[in-house]
Amino acid sequence: MTTADRRVRDAFIELTDTLVTDFDVIDFLERLANRCTELLGVSACGILLADHHGVLNLVGASAEQARLLGLAQLQNAEGPCLDAYHTGRAVQRADLNDGDPRWPSFTAAARAHGFASVQALPMRLREQRLGAVNLFSTEPGPLDADTVALGQALADAATIGIVHQRALARSEVLAEQLQGALNSRIVIEQAKGFLAERLSVTVDDGFSIMRRYARSHHRKLTDVATDITAGRLDLARPPASRETPPVP
Amino acid sequence: MEQPRSFQVWAAIAACAQREGTAVSPRHAVITCADALAAAGAGLSVARDGVPREPVLASTPLAEELEELQFTLGQGPGMDTVAGRGPVLVADLTIPDARHRWPLFAPAAAERGVRGMFAFPVAAGAVLIGVLNVYRLPAGSLAPRELLDGLVFADAALVLALDERGGIASGPDGLADAAVSARGAQVHQATGMVAAQLGVSMPDALAALRAHAYVTGQRLSDLVANVLARRVRLDRVNSSPEPGRQPSAPRAERGEEE
């Protein structure tokens with residue numbers, strides 16, 4: 001087994017462990033996004049889930065949420081994730097400077113953020129299209145077939161994580177789970193904003209502080225966020241809020 | 001399946017209000033929702049601090065009875081919606097699973113001829129206002145289109161309830177900003193910031209944001225961008241740079257100003 005194989009194996013073991021225990025969907029998606037960047041050799045990864053308005057929402061991201069958020073929202077008009085979501089197929093753009101007229105606004109924004117290539121992998125469950133995984137690289141060039149296959153496996157893992165019922169006996173369960181994941185993300189955004197104001201930090205730092213608290217107290221991220229938004233938990237002066245959070 | 005669906009739902013709600021000759025309110029969302037989902041009735045219960053408090057609206061006497069019943073018995077899909085984070089969709093209240101989950105409510109609803117019940121949270125994250133309950137006589141799942149419509153009606157009810165709370169009119173002009181859950185992460189982040197600034201609950205913070213956008217004549221998305229960039233604080237509205245000199249206590253009662 002090569003080092004790369006071992007890392008892939010370890011990543012899937014970690015993700016599977018997360019799924020078996022009583023897990024937090026947003027924390028899971030964040031971990032998955034970070035694993036994607038490591039294993040696929042890309043610079044950034046975002047996980048986009050469609051809501052009932054047909055709008056793609058960023059529900060998980062590797063580092064630099066703010067940067068990925070803008071690029072995610074642009075793709076409700078145009079972009080690789082919109083295409084992957086609608087067609088159910090992988091979409092690749094190996095060079096954002098290739099003069100291809102597709103997605104002019106998205107391309108300009110992605111380039112302005114320093115990205116040179118982009119990939120979108122569909123998230124599907126049987127017949128239903130749920131969203132897409134977005135991969136960005138600062139280097140131009142296509143991803144090879146093995147990497148794309150691994151990326152699709154990770155995208156499928158994301159789908160399974162969101163729809164975490166083992167048996168979808170009732171057709172209603174999918175809708176309930178999807179809405180639950182989207183709503184968890186909203187609570188987290190609200191808690192991030194609350195902490196940003198309360199602690200005079202950036203919204204991204206608010207998230208890091210919240211995540212570190214959840215991990216060190218072995219609590220679900222969504223539960224911590226819910227407590228913050230309900231005024232039941234005050235992270236106003238966390239003892240170690242100054243240091244840079246560890247990358248998971 | 002995208003924006004036009006929300007607009008159709010809003011148009012139906014607005015038409016309902018117009019037929020009555022009254023300003024559009026959450027009641028119109030409830031009535032229109034019952035129609036659109038071929039239901040025997042729909043009802044709205046309010047929650048505060050994450051706990052269901054009381055039924056407030058029902059489109060039919062049957063819906064009213066079932067709303068009351070959930071509170072009397074302290075159980076039912078609507079109660080679980082508030083406790084959980086997503087909709088609770090029950091295609092048949094007479095199957096063992098449903099009877100096991102709601103041993104008092106499920107048989108009581110079935111006795112009254114209601115077999116399908118679909119509870120949608122009227123919420124955006126911690127902004128939890130209540131539950132929209134839809135009651136159908138025959139057993140059976142919602143069609144995919146009905147399910148999406150139900151979710152959009154719940155969003156519409158949320159916006160209408162928030163604006164009622166903020167003392168502003170949710171006219172058709174506000175429709176572009178209406179789909180709270182579709183507005184992206186920034187609205188939710190700004191809601192959190194405003195809650196901390198004003199020391200109010202998340203629902204009050206979002207109501208205050210919407211009311212402030214309304215009285216100062218800005219788009220919600222522009223106000224949100226200013227709040228996130230820390231150019232505008234809602235606890236210091238007097239010194240905020242936008243036009244519209246009405247320094248509002250954001251939750252002050254306000255009539256229609258258009």
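Both backbone and side-chain heavy atoms feed into the values below; hydrogens, waters and symmetry mates do not. The chains referred to below are lettered A, B, ... by the order of the sequence lines, with proteins before strands, and numbering in each begins at 1. As the structure is a computational prediction, the values presented were derived from the model and not from experiment.
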Asker: With a 4.5 angstrom heavy-atom cut-off, which part of B/V194 approaches chain A: side chain, backbone, both or neither?
Answerer: neither
Asker: Please classify the contact between B/L147 and chain A as side chain, backbone, both or neither, with a heavy-atom cut-off of under 4.5 Å.
Answerer: side chain
Asker: Just grab all the salt bridge (charged side-chain N to carboxylate O under 4.0 Å, His left out) pairs involving residues 177-191 of chain A, residues at least two apart or on different chains.
Answerer: A/E30-A/R185, A/R185-A/E189, A/E189-A/K192
Asker: Restricting to non-hydrogen atoms, name the atom on B/A196 and the atom on A/R198 that form the minimum distance, rounded to 0.1 Å.
Answerer: CB-N, 4.3 Å
Asker: Give the minimum heavy-atom separation between A/A175 and B/L89, together with the two atoms involved.
Answerer: CB-CD1, 4.0 Å
Asker: Considering residues at least two apart in sequence or located in another chain, which fulfil the ring pair (Phe, Tyr, Trp, His ring centres under 6.0 Å) criterion with A/H218?
Answerer: none
Asker: I'd like to know whether A/Q190 forms a side-chain contact (heavy atoms from CB on, under 4.5 Å) with B/L206, so could you lay out the CA-CA distance, the side-chain angles of the two residues, the decisive distance to 0.1 Å, and finally the verdict.
Answerer: CA-CA 10 Å; A/Q190 289 162 339; B/L206 182 52; 5.8 Å; no
Asker: Check whether A/T202 gets within reach of chain B through its side chain, its backbone, both or neither, counting any heavy atom under 4.5 Å.
Answerer: backbone
Asker: How long is the gap from CD on A/E176 to OG1 on B/T81, to the nearest 0.5 Å?
Answerer: 8.0 Å
Asker: Has A/R89 got more than 12 heavy atoms of other residues, nucleotides or ligands less than 6.0 Å from its CZ?
Answerer: no
Asker: Among B/T191, B/V227, B/V152, which has the most heavy-atom pairs under 4.5 Å with chain A?
Answerer: B/V152
Asker: Roughly how far, to the nearest 0.5 Å, is the CG atom of A/L69 from the CD atom of B/Q186?
Answerer: 4.5 Å
Asker: First locate atom NE2 of B/H188, then atom CD1 of A/I186, and finally report the distance between them rounded to the nearest 0.5 Å.
Answerer: 4.0 Å
Asker: Against chain B, work out which of A/A196, A/G180, A/A230 has the most heavy-atom pairs shorter than 4.5 Å and name it.
Answerer: A/A196
Asker: Identify which part of B/A190 has an atom lying under 4.5 Å from any heavy atom of chain A, answering side chain, backbone, both or neither.
Answerer: neither
Asker: Looking at CZ of B/F120 and NE2 of A/H52, how far apart are the two atoms once the value is rounded to the nearest 0.5 Å?
Answerer: 9.5 Å
Asker: With a 4.5 Å heavy-atom cut-off, do A/F194 and B/Q189 have their side chains touching?
Answerer: no
Asker: Check B/A126 against A/T229 and note the closest heavy-atom contact, atom names and distance.
Answerer: CB-OG1, 3.3 Å
Asker: Using modelled atom types and a 3.5 Å cut-off, is there a donor and acceptor pairing between side-chain atoms of A/N183 and backbone atoms of B/G86?
Answerer: no
